[in-house]
Visitor: 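The structure that follows is given in the form of structure tokens.
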Amino acid sequence: MNISLPIIDGPVATAQDEVARISRGLSEAFLFDSDAGKYAFVVQGSQLFRTDEKTYAMLSDCKDDEQAMRAALKSLGCRLKPVADKPVPNPVSAISLAVSQKCNLACSYCYAEQGGFGQPQRSMSEEVAIGAIERLIRDVGTGNRVNIAFMGGEPLMNRRVLKSATQHAVKFATDHHVDVGFSITTNGTLLTPEDGDFFEEHGFAVTLSVDGLPSEHDHARPDKQGNGTFNRLMDRVRPLLRQQRRMQVSVRSTVTPSSGSLVEFLQNMIDRGFHSVGVSPLLSSPTGNGEMNNRSLKRMLRQMIECGDEFQRAVAARRRYPFLNIVNAMQEIHRGSQRALPCGAGDSYVGVGAEGDYYACHRFVNDDERWMGDLQSGVSETARTQWTSNRHVHMQEPCRSCWARYLCGGGCHHEVIHRGRSACEFIRGWLAYCLDAYAKLSAHSPWYFGVAD
Amino acid sequence: MPSLQPTNLTAQSLYRGRGNPPSAHPITSISNCFPGLEFDFRVIWKNVFVGIEVHEAFNYVIDVNDPAIAAQGVEPAMRILDVDGDAMQVDVVGPDPAGNQRVLGDNNLEWTNALARIVQQHSGNTVRCRFVTEGAAPISADLTIRDFFKDGQLDPAVIPAGTLTQGLCSPWQADYRECGCYYWAASRPDFVNAEPDGGGTKGHNWMLKDRTDANKALTDNQVTWDRIGAADQISYEDLYQAWEEHLKFIIGGNDQS
Ligand code: SF4
């Protein structure tokens, strides 16, 4: 693989270098030379083309001039599809409920600061949970689908409200002819077999936070007494893993500079029967503890590429390898996703705090600057419009001229607001790898995308 | 000559092949492809099954060229019921005049939708299909799906240049009666001069030559495409020579004299 950007080694670029380097022809097309051929990824429309030598050379000549690049692409029959500067607001179709703003663990880097988000710990009342659910379902309207995510702190510390809110949502959604899906993000240490029955009955997407193999996890995620939690949570989750039919039990892992081998971790989780495993780097924590730096991000990228290579081998052998980061990337590249925002936060998705206030997402609970209304008056349209306009990738630097802007969307709001864009090399390196993997997969294993081979 | 080969879905749907006019692209055309102003996709569907010729409008077998397929019992004038388990026709359910839900008839599905999965997953492979002749039990036969896409584009080796446009209506006035179910031209209603009649309504088929004759008024569900070509309907020649006179303007659902 010969990607045109120096992604893995080489000096660390400053934001200014980034702008200087990418604000020209590369903001329109990213060119790469893969084992499957020479490719051009056209940024507007997220379109991927295989090219011949001559075309590749012609496009390479335009790398320093975006106007020339646009003209060259058009002359080749490529239709650029611009993203509007003002995003069309989507209706709110997903909420998270911080049912418990407290936690039984003491993870050092936790954005929620052990659940309280820097304030006294509290639990969401049934009244608030039900109020938020009814508003969501009523506002989305007949025939649509909503998602309700239980978050915390540790949501199972408020099991009673979690269960009654779910049951109420099912009934209320049925009465209003709305489809409803549920998810929960949990540390797993409080799971019971009855929780498993309940999640299975309601088809929950259960996400467990597991931060590496036993010793790493125990170090990153101790309980309040300082004891490790790996074995406890694996014992507790085992019955759920066997039970998965409607429910899916997945792992999400936060990677810190002290994390170990990703490929071993992934295989371990897959062997245990988890539905899928996703990883993300810790870019900002309230104390700065565990934050990734350039060196550790480069290491993580190398490890993710190792897992990606394993994924490619698995696809070639028609074997399941549910590494979520690449599975999702393959689908997004295949469809040519174009995002003006990195995620649904503050747009189609809002977080609800224990007191019944709306925030741009679950990570912004109790953050007054990211407040988006309350249960009495509903999600503030003004706040939402302002948020989506300000956070639009066209408004972000150096995103405006980055070739990866519509795949990345500008990076996690929470991390960018608190730490800035410290992971662009990592993001682009990963996306470049994924484009290369897609090029190979679509050439050699088209069946993976549902196409006859 | 430099060229691009679209790889992912957005590239495939936005790319314009060398030599094609802007209107060759659904996004920049009227994109009614049944039969269509810019291209007629039915001519591709005609050969979607290797060894037989079919017509999309009625799920209809026109001809059987391969004796091995004939030996499986497939004959001209049969209709295709399903392909690899996917129905090619469905019952249409809706309220009758009394408001009760009932089956109002069957309807053929458009192949661009109904065959999408089959073409995507089984091009070049053999799939089980069921055919039926009116009043007889369905028969099953294994047919191969022609592989006419290459890299997301029509393969010129299978679909020669000019195929998509060879059957376009000429002169264009023919379009007024070319479409199988009267929805071309889209802005024309197919049921006009409607008046209340008992519990329902009666009106004229908009392709009738004489739309003043109360005796020719029918209820809405009697106005069907079955009568295309009947002697009391506007003919191709009528349309070529004086389409405005025959079709008139329809305003508020009524013929304007
Ligand atoms: S945050 Fe994403 S879009 Fe913005 S510059 Fe970094 S990689 Fe590019």
Visitor: Can you name the closest pair of heavy atoms from A/Phe49 and B/Leu4 and give their distance?
Guide: CD2-CB, 3.7 Å

Visitor: Roughly how far, to the nearest 0.5 Å, is the NE2 atom of A/His334 from the CD atom of B/Gln12?
Guide: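 The distance works out to 7.5 Å.
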
Visitor: Could you measure the distance from the CD atom of B/Gln5 to the OG1 atom of A/Thr55? Nearest 0.5 Å is fine.
Guide: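 Reported to 0.5 Å precision, the distance equals 10.0 Å.
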
Visitor: Quick check against the 3.5 Å criterion: does B/Asn8 have a side-chain atom that pairs as donor or acceptor with the backbone of A/Leu48?
Guide: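 Here the side-chain-to-backbone pair exists.
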
Visitor: For A/Thr51, is it the side chain, the backbone, both, or neither that has a heavy atom closer than 4.5 Å to a heavy atom of chain B?
Guide: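 Interface part for A/Thr51: both.
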
Visitor: Flag yes if more than 12 heavy atoms outside A/Glu53 fall under 6.0 Å of its CD atom; otherwise flag no.
Guide: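 No, because the 6.0 Å sphere around CD of A/Glu53 holds 12 heavy atoms or fewer from other groups.
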
Visitor: Any side-chain heavy atom of A/Gln47 within less than 4.5 Å of one from B/Leu14?
Guide: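 Of all side-chain heavy-atom pairs linking B/Leu14 with A/Gln47, at least one is under 4.5 Å.
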
Visitor: Within a 6.0 Å radius of atom CZ on A/Arg339, are there more than 12 heavy atoms belonging to other residues, nucleotides or ligands?
Guide: yes

Visitor: Any heavy-atom pair between the side chains of B/Leu9 and A/Phe449 that's under 4.5 Å?
Guide: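 The answer is no; the side chains never approach within 4.5 Å.
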
Visitor: Are A/Asp52 and B/Ser3 packed together at the side-chain level, in the sense that at least one heavy-atom pair is separated by less than 4.5 angstrom?
Guide: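 Contact flag for A/Asp52/B/Ser3 side chains = yes.
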
Visitor: Rounded at 0.5 Å granularity, tell me how far OG1 in B/Thr7 sits from CG in A/Leu435.
Guide: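 It is 10.5 Å, given to the nearest 0.5 Å.
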
Visitor: Can you tell me how far the CZ atom of A/Arg79 sits from the OG1 atom of B/Thr10, to the nearest 0.5 Å?
Guide: 13.0 Å

